Every structure is written in C-alpha cells, then in structure tokens.
Trainee: 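Take this structure, written in structure tokens, and hold onto it; I'll ask about it next.
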Protein chains: 2
Amino acid sequence: MTKRADKPITLADVARRAGTSTAVVSYVINDGPRPVAAATRERVLAAAAELGYRPNRIARALRSRTTGVVGLVLADASNPYFAALARHVEQALERRERLTLIGNAGYSADRQRDLVDRFLAAQVDGLVIVSAEGGDDVTDLAQAAGVPAVYVHHGPSDGRARVVGADNHDAVREAVAHLRGHGHRHIAFLGGPHDAGPVADRRTAWRAAVADDPWAALLRCDYSRAAAHSLTRRLAAGDALPRALITATDEQAIGVLSGAWASGVAVPGRLAVISLDGTPESAHTAPALTVTRQPLEAMAEQAVELLSGRDPGAPAAHAPLVIRRSCGCDGDQD
Amino acid sequence: MTKRADKPITLADVARRAGTSTAVVSYVINDGPRPVAAATRERVLAAAAELGYRPNRIARALRSRTTGVVGLVLADASNPYFAALARHVEQALERRERLTLIGNAGYSADRQRDLVDRFLAAQVDGLVIVSAEGGDDVTDLAQAAGVPAVYVHHGPSDGRARVVGADNHDAVREAVAHLRGHGHRHIAFLGGPHDAGPVADRRTAWRAAVADDPWAALLRCDYSRAAAHSLTRRLAAGDALPRALITATDEQAIGVLSGAWASGVAVPGRLAVISLDGTPESAHTAPALTVTRQPLEAMAEQAVELLSGRDPGAPAAHAPLVIRRSCGCDGDQD
DNA sequence: CCCTGCTATCTAAACGATTAGATACGATGA
DNA sequence: TCATCGTATCTAATCGTTTAGATAGCAGGG
C-alpha cells in the first residue's frame, strides 16, 4: 500500500513538487534538448524519486511519434526454429531498450496482413517478419505507414524488401563432404513440399554438391515431425530408405529419427542423418543430431540493426557444422 | 505508392471530408456513446474508406487510458513448455483483439521486475506472468499501477495473487497407476533441484501415490535436457537406474531418453518413462513419450479470462494421460 | 403560438508528454 | 549607466482521440 493506485504521478506533479515548470522536468528526465542548472536538476531528480514518477510512454509516444516498440510477426511459433529465432530477435531488441509486440500468423497470408495492420495501428517503430513460404509480402503496408520492415529467414524476392538469411550453400557443401567422409556414395535430401526461399537454396546447394551422383534422391514432405515420421516409416517398409540423408529442417530430422526408431531402423548405423537447422532441440534427440547450425543470433542482430537504418556489413552469416552422432561420428555426447 | 507516407490520416481529416465534427466521426468509428443519424454515418464511413483512415491507437490509449495491450512475462522462452504456454496465451489474447507484449526474464527476479516495470510504463492493460520457481513476486508493482496481474504455472503462494495451474494430483495418480499396470513395483520420480510450485505438487502427489512403497526413489536434477542426460548416464554407469520413472517435465524426460540411448539402455524395455508435461515435442521423441498432457490452452484461457475480471468457474483443469510408447505400451505411433 | 422535450450535432476540454518561442535575470563591455 | 548577450527557466501549442456540456432544429401538447 505504498502508493495509491488511483492517481498515477505525472510530469506536472513532479514539476509542482520541485517548484519548476514541466519543461525543465522533461529536460532533466531525458537530458532534454536544453540544459538545466545543476541545482535545479537535483531538486527535480529528488522530487521524481520521492513521488516515484514513471514517465507515461503512451503520452511520450503520441507527442514524439516514436513508441520504442517493434512488431514481430511469426509464421508459426510452434516450430522451434521460428521460436528460437523469435527469442533472439526479442533479445536483440531488449538490448536496445525496445519492447516487442508479438503475433502469430499461422502460415496464413491474410492473418499476417491483419497482424501487420494492427501493429501499424499501434504505431510500432519497425516490423520484423519471420515468415515461411506462404508468407505474403507486406512491404507495401509498412511502406505506406512509413515504418521500416525486415524479413528474416524468408522474404519476397523482388529487391524491394530487406531480407536477412544465412549462407546455406557453404553449410550444405560441408554437410555433403562430411557424409562423403563417412564413406557414403549416395546422399539423399529431404526438402519441403514446394521449396521456396531458404529451403530451395538448400536444395539447390545440395544438388550442386552431388552433381556427380545421378542417383542422389530428392525426397519431399511437409515441414512437420509427423510428416517426416510417416514418410520414413513408409520408406522403411518398402526398403527404399537411403543410407545417408540431409534434411532441410530439424523438425523433419526429428520426425525421421522417431520414424526410424519405430521401424527398427538404426541411426546412424543403417541411416546417417544431418539436419540443416541446428535448433537447441537437436542436441538432445536420440541419437543427437549432427547439424549445420543456423546463426540465429547473428541473423536476429542483423535484422534489428537493419531496422535502425544501419546497413550491417556482413551479408549472410556462416552456418557452422556441429558434429554429434547421427552422422556416424562418435560425437561429443559426454 | 497509393498513399503518401508523410501524412497519416487523422480523425480531423475524415471529419472535414465528411463535413462533420470530429465527435461524430468518433461516434461512428466506435459505435460511440452517442447515436448518429444513418445518413451521416454513411457519409463518415465513406469518407473514412476513401481516405484509408486508420485510428491511431496511441492517441486513443492516451485519452481512454486503455491500450488493448497485455504484457506477457516469460521465465524462459527456450523451454518448450513455457513457449507453448506463451503461444496459447497469445492466441487467447488475439481472440479478444488484444495485442501481446512479450519479454524474457531468463529466470532472474531482477530482470522480471525490470520487464514488468517497462510494461507498466507502456500502460499495458494487464500482465500475464509465466514464471518458474526463481520468479519473484511482482504483485505489488502491478497493484501500485492498478493493473491486473495473473500468474500461470507458478506464482506466489500467499493468497494475494491469482495463480492459474492444472490439477497435478490426478495426473500423477494416473501415471503411477498406469506404470503399476505394466507390472512395475518401484516407481521413481525425477524432480527439480529445489521443488517449489507445481513441481513440488507433482512430487507430493507422487509420494502419496507410492506411499506403500518405501523404496520409491526420488531423483533430482535441473530442468534441462543436459542435466537429465548426464544424470541418466551416471546412473546407468553405476547400474543404479530405476526400471520405471516419472519425470516432472518433458525437458528432463527428453534428456533421460537421449542419455539412455547414449548408454545403450533400452526404453521402455529396461526403463519405462512417463513425463508430466506433454508438450508437442513429446510426440516425436524416440520412443514417443507417454505423458500426462498439461491443459495449456485451458490454462491460458483461464488466465486471460481472469484478467478481464471475470472469475472462471473451474479452478484447475485436468491433465489427461496420453499413452504412447515410452511407458511400455504399443502406442499410437503413426 | 409558445414552451417542452427529444434528437442530432458541434465545441472544446481533457489525456501526459515534448519543445519552440518568449521572458527574466545577471554579467559583461563600452 | 545602458545596451548586449547568454543562460536558465517559463508559457503554451501540439500530438490524435474521446466525451461531457452546449446548441440547434423540429415535433407535439397545451
């Protein structure tokens, strides 16, 4: 009961108490555009402290037309990859003292536009779009409102929008080389149903890396564990399972693992797997997944940097190969 | 280039165009507190549509002292359990047309208070705290600001705060009974390092359910996959592994699974496992986890309902047993 | 024909901060 | 002593809504 709830403290209260005008208080609070005498500053600070003054960001936002809030639109927060990305974006924003408005578009372009609309009405200072293939282009909306927008992981390919991604080519090349090192001749790839955006890049890179192998198999399924699980069971039943597989996403890799387990297929003995995401989940599957870890933190940092108008130097961060067990190595599993 | 970015449309613009005052426009926009003649309403609506008017929520918030934004404070978004809970809370809010400000406290009470402070400065209409054991009590802050706060999963135990949880006793009883049904005599429990909040409830319930078994072992480790993984490996090396185990959380269960795999321990053959969370991840581990699924959606719904002042009837939702394979059943895999 | 009461609308004061322009006060130089 | 300048502060307009109070117009009862 230290403070009554009914009357929030305002600038005017502090000014009255300090015996000054609201202007000086404002100048003190934000090292304002004009200087304040040291003695006065002290009085103001003391008054503010005594009253427990907390600036009202809404009022500040109305006047100064900047809210310190950024909208984060997610295609699907259930997907650990997107969830991890979201976390890093939120942290990058936090570091810059900005608040994060979050929303789930659930792979629907309509809901995505809707969300962006609502974020813009809330006067966000910027938009980070973590979208998947289905994600529509919302650059027009943002532009109309004069709000900077950045896509992460996947975005419209016409040059108009700023898109932050990772260097997938190198990663895939490394993965293929590693499996070759284990003696595998034919290295299959499990991609998505349509292959647009980063996953298409990954597929292309794989195709290039196995160009010398006409039998390299391209598999496809949804990006869900369930889909990869049943695909694996089906292939195992028909004895059509490859011996070495690169999956486009961790979700698929995890589905492959559980499908293999259910079919009695030994990993990595009968089937070696490398996944191209490297979310935290991948470290504690059975067996632990060898992955190329997407540099999520660097991507988030780059995205947020782009929002502030700064153009970060490095165009695409490298995704390092993290060797664990699913590839056949006797990994770092303690 | 349909709309210039430099001049957002305001109420006054619409009023001018419709030949009315700003008051009527406001009345029309929100079926205002006063009626408007049908003809006028038409004119206003038309003008608004033509100009592409979008109300400025900041200005609205300043005047009406309600932002339509709720702050969601997370102990740790990396934990899939919390992440799933967060998703459901966000969806429950979305359904009520409210925006979600999200923030990660990272198990630190200081950062939690800090976040709450910043959310309150942003004039949130309510706070949802998804906190773990470490989480401090922030009821005082919220109360001082006159903002309703609800804790989900875990909260201060003095009656002052509203806490939404699930019925853990029933769930644990069911899990124990199920393992007994598989012929297990001794059922161990893997809890957290300190056991406060819901995990303590779960432990207590387990103790009650195995009261007739003086040898039932209580294990402890951090709530991380890594900790459970190495604990399992250690126990396996010392041949001290129980034959049936209930884990307090999915994270631990997944760590146990990967530890067992690494130690060559067969699950469920040598070690049967049931977990008490039931996050989506648990469906696609190898083997698939049998769990008591926490009613996250119901909890989120309850929490948001509480924020609006309504007191939802049901005090604690039931966590149903989802039978898969880690318990020894020939589960519903694929 | 005037007064009453109702409806539809307008005027203007909030909300709490920021900030440009006006002002007051000493100190300085001629 | 007076004009000049600089510093520290105050006054008040402004951001875009909401909404209570004032007002205008019209119908109906006496």
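Naming convention: chains lettered A, B, ... in sequence-line order (proteins, then strands); numbering from 1 in each chain. Please read all numbers here as calculations on a predicted model, not as lab measurements.
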Trainee: Are any of the side-chain heavy atoms of A/V116 and A/I129 separated by less than 4.5 Å?
Mentor: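 Yes, at least one pair of side-chain atoms sits under 4.5 Å.
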Trainee: Grab the CD-C1' distance between A/E42 and D/dT9 for me, whole Å please.
Mentor: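 Going from CD in A/E42 over to C1' in D/dT9 covers 17 Å.
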Trainee: Hey, does B/A23 reach any base, or is it just sugar-phosphate, or nothing, if we go heavy atoms under 4.0 Å?
Mentor: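 Base, at least one base heavy atom under 4.0 Å.
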Trainee: Side chain of B/L62 only, heavy atoms from C-beta on: which candidate in C/dT9, D/dG16, C/dT19 is closest?
Mentor: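 Among C/dT9, D/dG16, C/dT19, the one nearest the side chain of B/L62 is D/dG16.
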Trainee: Within less than 4.0 Å of OP1 or OP2 of C/dT18, is there a side-chain N or O belonging to A/T22?
Mentor: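 No, no such contact exists.
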Trainee: Start with the C-alpha gap between B/Q294 and B/L85, add the side-chain angles, then the distance that decides, and say whether side-chain contact (heavy atoms from CB on, under 4.5 Å) holds.
Mentor: CA-CA 10 Å; B/Q294 292 279 314; B/L85 203 35; over 6 Å; no
Trainee: Would you mind telling me which residue lines up with the more 5' stretch of DNA chain C, A/A59 or B/A38, judged by nearest nucleotide?
Mentor: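 Upstream on the strand: B/A38.
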Trainee: Can you tell me the distance, in whole Å, between the CG atom of A/D13 and the C1' atom of C/dC15?
Mentor: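 Spelled out: CG on A/D13 to C1' on C/dC15 is 13 Å.
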Trainee: Can you tell if the side chain of A/T20 reaches within under 4.5 Å of the side chain of A/V25, non-hydrogen atoms only?
Mentor: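 Heavy-atom side-chain distance check passes, below 4.5 Å.
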Trainee: Between B/S21 and C/dC10, does any side-chain N or O lie under 4.0 Å from OP1 or OP2?
Mentor: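 Answer yes for this pair, as a side-chain N or O of B/S21 is under 4.0 Å from OP1 or OP2.
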Trainee: Please determine whether a side-chain nitrogen or oxygen atom of A/R65 lies at a distance below 4.0 Å from atom OP1 or OP2 of C/dT18.
Mentor: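 So the side-chain polar atoms of A/R65 never come under 4.0 Å of the phosphate oxygens OP1 or OP2 of C/dT18.
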Trainee: Just to be sure I understand the rule, does B/T10 reach a base, reach only the sugar-phosphate, or reach nothing, if contact means heavy atoms closer than 4.0 Å?
Mentor: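 The residue B/T10 makes sugar-phosphate contact but no base contact.
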Trainee: Could a donor-acceptor pair under 3.5 angstrom be found where the side chain of A/R41 meets the base of D/dA8?
Mentor: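 No such pair is found, so the answer is no.
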Trainee: Between atom CZ in B/R57 and atom P in D/dT18, what is the gap in whole Å?
Mentor: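 Distance check: B/R57 CZ to D/dT18 P gives 11 Å.
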Trainee: At 4.0 Å (heavy atoms only), tell me whether B/T20 reaches a base, stays on the sugar-phosphate, or touches nothing.
Mentor: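 Here B/T20 touches the backbone only, sparing every base.
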Trainee: Mind checking whether A/L72 and A/I102 have side chains closer than 4.5 Å, heavy atoms only?
Mentor: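 Result yes, sub-4.5 Å side-chain heavy-atom pair found.
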Trainee: I want to verify a distance call: between D/dG16, D/dT9, D/dT18, whose nearest atom is closest to the B/S64 side chain?
Mentor: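 Closest of the options to the side chain of B/S64: D/dT18.
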Trainee: Using whole Å, what does the distance between atom P of nucleotide C/dG16 and atom CZ of B/R63 come to?
Mentor: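 Answer to the nearest Å: 10 Å.
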Trainee: Please confirm whether the shortest side-chain N or O distance from B/N56 to OP1 or OP2 of D/dC15 is below 4.0 Å.
Mentor: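 For D/dC15, neither OP1 nor OP2 has a side-chain N or O of B/N56 closer than 4.0 Å.
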Trainee: Should the pair B/E301-B/R96 be classified as a salt bridge under the 4.0 Å nitrogen-to-oxygen rule?
Mentor: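 Looking at B/E301 and B/R96, the cut-off is met.
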Trainee: Please report, rounded to the nearest Å, how far the P atom of C/dT19 is from the CZ atom of A/R60.
Mentor: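 Taking atom P of C/dT19 as the reference, CZ of A/R60 is at 10 Å.
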Trainee: With respect to the phosphate group of D/dA20, does any side-chain polar atom (N or O) of B/Y27 fall under 4.0 Å of OP1 or OP2?
Mentor: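 Answer no for this pair, as no side-chain N or O of B/Y27 is under 4.0 Å from OP1 or OP2.
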Trainee: Rounded to the nearest Å, what distance is computed from the CD atom of residue A/Q123 to the P atom of nucleotide D/dC15?
Mentor: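 Roughly 14 Å, once rounded to whole Å.
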Trainee: In whole angstroms, how far is the P atom of D/dC10 from the CG atom of A/L11?
Mentor: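 About 13 Å, once rounded to whole Å.
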Trainee: Given atom CZ of B/R34 and atom P of D/dA20, what is their separation to the nearest angstrom?
Mentor: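 Rounded to whole Å, this separation is 7 Å.
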